[in-house]
Amino acid sequence: MEQTRPALSPVPVVHLRGAVALLGRFPALAGVDLDIEARRIVLLRGANGAGKTTLLRTLAGLVPVAGGEAVVLGVDLVADPRAVRHRVGLLGHATGLYDELTVGDNVRFWARAAGADPADVERALTRLGLDGRLRTVAVGRLSAGQRRRTSLACLIARRPELWLLDEPHAGLDQEGRDLVDTLVREAVAAGATVVLSSHELDRSLQLADSVITVAGGVVRPDPSPAPGANDGDAR
Amino acid sequence: MTTQLDAAPEGLDSTGSRGTRVLGVLAIVGLAALALFGLVLSPPDASQGEVVRILYVHVPSATFAYIGCFLTTIGSAMFLWRRSAWWELVAYASAEIATVFTAIVLVTGMIWGRPTWGVFWVWDARLTSTAMLLLLLLGYLAVRRLPADHDVRTKRSAIIGLLLVPNVIIVRQSVQWWRTLHQKPTLLANGVGAKIEGLMLFSLFIGFIAIGLVFAWLLIHRFRLAWLEDQLDDAGLDAAIAERRSEGEPS
Amino acid sequence: MIRDALLIAGKDLRLELRSRVALNQVLPFALLVLVLFAFALDPDKSVLTQATPGLYWIAVLFSALLALQRSFAIEATDGNRDALRLSGLDPAGIFLGKVMAVSAQLLVLEALLGVGVAVLYTSRIEGWILLAVTSVVATASIAAAGTLYGVLAAGLRVRETLLPLLLLPVLAPVLIGSTRAFEAALNGSPSEGWPWVGLMSIFASLYVVAGIFGFGPLLEES
Amino acid sequence: MSGNWGYVVAAWVIVFGGLGTYSVRTILRGRSISKQVPPEKRRWS
């Protein structure tokens, strides 16, 4: 699709060397080395508090890189973390939706903010099954799973080049999880790259083509590499 | 990096240095001279009497309170523009000192006003805008001292510091217009602007020098204190990173 | 920038239309303040009529504090700040949009409050042009300074107490200016009011510029 | 107006007392916090 950069770009989508990210004074990332090539689906795994969420937020340009190198989609995050933001889609624990507005209003607002086509809004709503009655319901009245779907609709309407999904399966029913996997595969087929963290290991291992273990704020060599594993350098 | 080559000799654990000690002695000498000239040698004023002696400390304090505000705004601007942590500390240190000076100015102004006007407080333009200045400075300090992330505190307080002088100018202007609409001219004619000369002028001059020395001495010490506080915040980052990495060490 | 501002303003106003917080809570609060003034000051003497401009603007100022708190409360969830930063919206546009939305709500509130004052305090209303221009300029000043200081206080545990401390001293010139200009208009001597409008215009411009440049760095903190 | 020495003394006491108290507080805080920071980070000493 048109949103991808030149296909054979020599620059990997993600390139981190010794990246440090601080939350206050706590080094949530303590020197991460990581390379991710385009059109990969990479699964992050690790215990709670290992640094998965911070890694995803750092890749989105939301957490400043306090040390080391970090280049995402060709943008140097140390120099200008803002430049990458409109090109990534982050699905986090918090939805970022306005409770008082309807599903349709929310998706339209965030999509227009990113400069998306109105047709993409309709397509996203339809794709997530939100085009019917739910469209005019205020987000505050939705179930957790329906909010998740709304967030996903906002995300796909923006057509990001890099998808960063933090526990995308959480709170969804079977059908919803299947839908997430389908959307991820479609996005990669269209040229995007996906990094996700999940506790649904069985499901995610089928989906991902590399697995990366995060522990203690760094990337560990994987003890049991998945097929085509793109494990980060050990430190 | 953290190896200590030499242990600090006892007695060096302070924000003092040879320069500040010299400055401190000069400031004390200046204050003594100010007391001599201001309280003993200079004559009482023809119209104000002995009360004029308050002005020898009041007026210089007001001047340096304003200088402190200017430093805060300049420091905040340099911090926002050049990311200069040094200037940020200058802004913080001078804001705190300016707050102390402004409080002194307000209280001495009220004490001066009691015998001069017969009341402690009148809604005089100068007095009112000084009170507003104190509130603005307290707002800056409240944000700078928030129990929040260092980055959050410095950035937010710098924006307030940047707007400090523009705010003071607008507040002064509005208060001035406000009072001149309902002017009671006798109040202002008796004010600080009255002409002074001779030993009285010299005493005021000594006052500027002495208070200026105190201001400079305080600024250096307060700056170093703020710098130490920052160092304390930064200390241990390397250790924290090492500790963080060891969390994930396979056991 | 303007496109982003309109998008944000539209979103905030739509949110207000759906939630009606300003209409159902802030407006009654403002009217309540007017009634409380009548309790505090003897309504039979002419104090209320004489003090109408000041009481009116005090009521507006306190209501503006509530409106501003509300304006930032809707962006207060953590996901929201992230979403705004990821959205690609120009921070200056976000600032202007917030200012526009707050201004629009305050102008409606001021109009209704004006009716309230005329009825409750039986004040005679004259000098329409000066009154209208003063309201617009003062509202822009309050909204611009309030939005900038609102984001300074946003995301902090102490925001409810910090915002009034930061904002009210700064808005003192606006209170003085709008009150004097209203007095001039009601006394039939509008020429005394225009310099105040000029001063408030400078104030509003200062804060719009400061907000356009300052909003980006402030939004950046994680 | 010669009976106004009380005001003069009060004002001077406030100036000298205020500045003195603030100075002492700053110095003492500086001493206590200096001990917690390694000396090579104190460039002035």
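Chain A is the first sequence line, chain B the second, and so forth, proteins listed ahead of strands; every chain is numbered from 1.
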Part of residues 139-150 of chain A lying next to chain C, heavy-atom separation under 4.5 Å: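 Listed by number, there are no contacting residues, so the answer is none.
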Check this for me: does any side-chain nitrogen of one of [X] and [Y] sit under 4.0 Å from a carboxylate oxygen of the other?
X: A/E200; Y: A/R45; value: no
X: A/E100; Y: C/R18; value: no
X: A/R135; Y: A/E122; value: yes

Per-residue contact mode, C/L17 against chain A (heavy atom under 4.5 angstrom): neither
Side chain, backbone, both or neither of C/R14 within contact of chain A (heavy atoms, under 4.5 Å): both
Chain C contact via A/D99 - side chain, backbone, both or neither, heavy atoms under 4.5 Å: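 Neither part, no heavy atoms under 4.5 Å.
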CE-CD1 distance between C/M100 and C/I8, expressed to the nearest 0.5 angstrom: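 One gets 10.5 Å once the value is rounded to the nearest 0.5 Å.
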Distance-only donor-acceptor check, side chains A/E167 and A/H93, under 3.5 Å: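 Side chains of A/E167 and A/H93: no pair found under 3.5 Å.
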Heavy-atom check, side chain of A/W163 versus side chain of A/L155, under 4.5 Å: yes
Pairwise side-chain contact, A/L34 with A/V42, heavy-atom cut-off 4.5 Å (strictly under):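 No - every pair of side-chain heavy atoms lies 4.5 Å or more apart.
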Nearest non-hydrogen partners of A/D80 and A/V75, listed with the distance: O-CG1, 3.6 Å
Greatest number of heavy atom pairs closer than 4.5 Å to chain C - which of A/V84, A/D105, A/N106: A/D105
